[in-house]
Amino acid sequence: DHITSTEFWSMPSDEPPKLSENGYPVIGVDGSQWLLEGADSSRYHYVDRWFVEDYPEYLSACLCLLSLSNLQVDELQYYAKKVRLTCALS
């Protein structure tokens with residue numbers, strides 16, 4: 001499933017710093033922040049990403065869950081280019 005393929009439970013909660021070609025930190029000033037939380041009987045974990053295009057499996061899992069929620073969100077609000085959503089319940 002999408003959560004397993006992202007290795008969600010082992011992903012760092014906070015996004016590692018992104019650096020430009022010359023080594024300076026890249027700061028997002030416009031876009032969308034993708035936060036996914038999960039819990040089971042013995043653990044809680046969250047993954048928070050700004051540069052979501054660097055994590056295509058994570059983005060796919062988030063979009064899949066969003067589509068299952070029946071919330072109406074305009075695709076322009078995703079701030080992610082070349083997104084292809086394939087979501088199926090197993």
> Once you round to the nearest 0.5 Å, how far does CG of Leu65 lie from OG of Ser69?
8.5 Å
> Same cluster or not: are Val26 and Val52 linked, directly or through other Ile, Leu, Val, Met, Phe, Trp or Tyr residues, by side-chain heavy atoms under 4.5 angstrom apart?
no
> Asp54: what forms a salt bridge (Lys or Arg N to Asp or Glu O under 4.0 Å) with it, not counting sequence neighbours?
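If we apply the salt bridge (Lys or Arg N to Asp or Glu O under 4.0 Å) test to Asp54, skipping adjacent residues, the hits are Lys18.
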> With sequence neighbours excluded, give me every ring-ring contact (aromatic ring centres under 6.0 Å, His included) pair touching residues 6-31.
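Qualifying pairs, neighbours excluded: Phe8-His45.
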> Spell out, yes or no, whether Trp50 and Val47 are grouped together once hydrophobic residues are joined by side-chain heavy atoms under 4.5 Å, including indirect joins.
no
> Under 4.5 Å between side-chain heavy atoms, counting indirect links through other Ile/Leu/Val/Met/Phe/Trp/Tyr residues: same cluster for Leu59 and Leu66 or not?
yes
> Measure the shortest side-chain to side-chain distance between Pro12 and Arg49 over non-hydrogen atoms and say whether it is less than 4.5 angstrom.
yes
> Would you indicate whether Ile27, at its atom CD1, is surrounded by more than 12 heavy atoms from other residues, nucleotides or ligands within a distance under 6.0 Å?
no
> Under the 3.5 angstrom rule, does the side chain of Thr6 hit a backbone N or O of Glu57 as a donor-acceptor pair?
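Answer holds: no.
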> State whether the side chain of Tyr58 and the backbone N or O of Met11 hold a donor-acceptor pair below 3.5 Å, judged by distance alone.
no
> Who are the ring-ring contact (aromatic ring centres under 6.0 Å, His included) partners of Tyr55, not counting sequence neighbours?
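Not a single residue meets the ring-ring contact (aromatic ring centres under 6.0 Å, His included) criterion with Tyr55.
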